[in-house]
Amino acid sequence: MNDINIAFTVDSNNLDQVAIVIASILSTSADPTRLRFFIVVDGRQDAAENKINGWASRPPRLTVVPYRNPFSSRTTLGHISTAALLRTQLPDALPDLDRVLYLDADIVARRDIAGLYQSELGGKPVGGVLDIGMYLRLRRDKIRRDATLADYFLKLGLDPHRSQYINSGVLLMDLEALRELDFSARALTFSNEHGASLITMDQCLINTILLGRIALLDPRWNVGGYLMGLPRHHHYVPRRLQRDLRLQKADPWLVHYTGKSKPWNAASVWHGEDWWAYAGRSGIAWPAVPAAGKRPSRLKSAWRSVTWGFSYALSRVHPD
């Protein structure tokens, strides 16, 4: 049977987290012999190899690919490293591959990845899952009469009223088709032109350059932990995306720990126990699970209930 090619782009700060993603993929795979892993590193290959050799078990079909990061001079955006932009260079970094599944390093697989890898792209160069959290923000801002994010979408040529913006943490990539589009070079040019104005760096870049050329995958293949950790905000999700949200809540196939809070640095992260289940067998000396923070006061909890109820009432009468 054909190989399943899976790629990560990392720097030294999140290389160990890849071990957890790989462990979860191997554990849920019906045929692990098909899996080939590629770690594209921004930095020295020997340093990455030394870290990987410290893992409890290194997959036999794992290749470290050193690649000079052309985005290294970019200003980082909060918790997002410039290594995130390296995913746009995969067509050049992996010249011998035709198809690859790109994954962020803060993901846990709960279902055999083969189903995702075999997804049809319908002739499009990339497949991804709609970023429901972004559309939640757009609708919430509309209710609050804040057009900042909507104006930003329009500036990039994106329609804030159409469901077309994907999360870039899970990308099924037709590398040959992307090479024909000269995607890697176009991504670098676009980044140089827009610089720090890209609010989600690679994600805005990919959605803009490939507008109209992205296949939408089953929403369960990329379920954002940040969105799931805010159940009181789910009423802001547009009606057209409520079915996708229900599927994600009922059975997340890939859990993606979006946002600044990760299982390794914060308590009470949605599905954080899944991550720690693999971390305990990784051979890496992870710090202890962070203690949960203090519960809010009764007054603060009451105030939250009042404001949530008011915003919910507004969302019920406001059109999508």
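Under the 4.5 Å side-chain heavy-atom criterion for Ile, Leu, Val, Met, Phe, Trp and Tyr, Leu154 and Ile166 are members of distinct hydrophobic clusters. Two different hydrophobic clusters hold Leu230 and Met228 under the rule that ILVMFWY side chains link at heavy-atom gaps under 4.5 Å. Hydrophobic clustering (side-chain heavy atoms under 4.5 Å, transitive across Ile, Leu, Val, Met, Phe, Trp, Tyr) keeps Leu247 apart from Trp221.
Between His234 and Leu227 the shortest side-chain heavy-atom distance falls below 4.5 Å. Side chains of Trp55 and Asp16 form a contact here, defined as non-hydrogen atoms less than 4.5 Å apart. Counting heavy atoms from C-beta outward, Trp264 and Ile20 have side chains that stay 4.5 Å or more apart. Looking only at side-chain heavy atoms (C-beta outward), Asn222 and Leu217 stay at 4.5 Å or farther from each other. Asp151 is not listed as a side-chain neighbour of Leu149, based on a closest heavy-atom distance of 4.5 Å or more. Side-chain atoms of Phe153 and Asp159, non-hydrogen and from C-beta on, never get closer than 4.5 Å to each other. Side chains of Ile143 and Tyr236 form a contact here, defined as non-hydrogen atoms less than 4.5 Å apart. In this structure, Leu116 and Val170 have side chains that are in contact, with non-hydrogen atoms separated by less than 4.5 Å.
Between the Trp276 side chain and the Pro263 main chain, a donor and an acceptor come within less than 3.5 Å of each other. Judged purely by atom type and a 3.5 angstrom limit, Thr208 uses its side chain to pair as donor or acceptor with the backbone of Cys204. Side chain of Gln242 to backbone of Val237: a donor-acceptor contact under 3.5 angstrom is found. The backbone N or O of Arg99 lies less than 3.5 Å from a partner atom in the side chain of Tyr117, making a donor-acceptor pair. Arg36 places no side-chain N or O within 3.5 Å of a backbone atom of Ile6 that could act as its donor or acceptor partner. Counting only distance, with no hydrogens or angles, the side chain of Arg179 and the backbone of Pro91 share a donor-acceptor pair below 3.5 Å. A donor-acceptor distance shorter than 3.5 angstrom exists from the side chain of Ser24 to the backbone of Val21, with no hydrogens or angles considered. Side-chain atoms of Asn265 come within 3.5 Å of backbone N or O of Lys262 as a donor-acceptor pair. Using a distance-only test at 3.5 Å, with no hydrogens or angles considered, a donor-acceptor pair links the side chain of Arg139 to the main chain of His235.
Residues Ser168 and Ile206 share a closest heavy-atom pair of CB-CD1, 4.0 Å. Nearest heavy-atom pair across Ala109 and Ile25 is CB-CG1, 4.0 Å. Taking every heavy atom of both residues into account, Ala177 and Asp174 meet most closely at N-OD1, 3.1 Å. Heavy-atom minimum distance, Ala93 versus Val65: O-CG1, 3.8 Å. For the pair Ile107 and Gly169, the tightest heavy-atom approach, listed with the atom from each and the gap, is CD1-O, 3.6 Å. The two atoms that bring Leu178 and Pro125 nearest to each other are CD2-CB, 3.7 Å, heavy atoms only.
The CG atom of Asp131 lies 12.5 Å from the CD atom of Gln164; values are rounded to the nearest 0.5 Å. For the atom pair CD (Glu193) and CZ (Phe190), the distance works out to 7.5 Å, reported to the nearest 0.5 Å. The CG atom of Leu156 sits 9.5 Å away from the CG atom of Asn207 when rounded to the nearest 0.5 Å. Atom-to-atom distance recorded for Leu172:CG and Ser119:OG is 6.0 Å, nearest 0.5 angstrom. The CG atom of Leu254 sits 10.5 Å away from atom CZ of Arg111, with the distance rounded to the nearest 0.5 Å. Atom-to-atom distance recorded for Gln248:CD and Leu245:CG is 6.5 Å, nearest 0.5 angstrom.
Residues Arg44 and Asp46 are paired through a salt bridge, judged by an N-O separation under 4.0 Å between the basic side chain and the carboxylate. Using a 4.0 Å cut-off between charged nitrogen and carboxylate oxygen, Asp3 and Arg61 count as a salt-bridge pair. With salt bridges taken as basic N to acidic carboxylate O contacts below 4.0 Å, one links Arg58 and Glu49.
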Requested in this report: Please lay out, stage by stage, how Leu171 and Leu101 fare under the test side-chain contact (heavy atoms from CB on, under 4.5 Å).
Outcome: CA-CA 6 Å; Leu171 297 173; Leu101 172 63; over 6 Å; no

Query raised in the report: Do Thr28 and Arg110 pass the side-chain contact (heavy atoms from CB on, under 4.5 Å) test, and can you show the C-alpha distance, the side-chain angles, and the key distance before you say yes or no?
Result: CA-CA 6 Å; Thr28 53; Arg110 304 178 73 245; 5.5 Å; no

Report task. Begin with the C-alpha distance, continue with both residues' side-chain angles, and end with the deciding distance and a verdict on side-chain contact (heavy atoms from CB on, under 4.5 Å) for Ile113 and Leu35. Result -> CA-CA 9 Å; Ile113 211 78; Leu35 301 171; 4.0 Å; yes

Query - Derivation and outcome, side-chain contact (heavy atoms from CB on, under 4.5 Å), residues Thr88 and Ser184 - result: CA-CA 6 Å; Thr88 66; Ser184 295; 5.8 Å; no

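Within the cation-pi definition used here (under 6.0 Å to the ring centroid, within 45° of the axis), Arg240 qualifies as a partner of Tyr135.
Applying the side chain to side chain contact (heavy atoms under 4.5 Å, CB included) test between Phe37 and each of Leu26, Val18, Thr63 identifies Leu26 as the sole match. When each of Asp202, Asp92, Asp42 is paired with Arg87, the salt bridge (charged side-chain N to carboxylate O under 4.0 Å, His left out) condition holds for Asp202 and for no other. Only one option out of Phe38, Tyr67, Tyr102 pairs with Thr9 in a side chain to side chain contact (heavy atoms under 4.5 Å, CB included); it is Tyr102.
Ring centroids of Tyr226 and Tyr257 are separated by 6.0 Å or more, keeping the two rings apart. Between Trp275 and Trp270, the gap from one ring centroid to the other reaches at least 6.0 Å.
With hydrogens and angles left out, the side-chain atoms of Asp251 and Trp253 include a donor and acceptor closer than 3.5 Å. In this model, no donor atom of one side chain and acceptor atom of the other lie less than 3.5 Å apart for Gln17 and Asp104.
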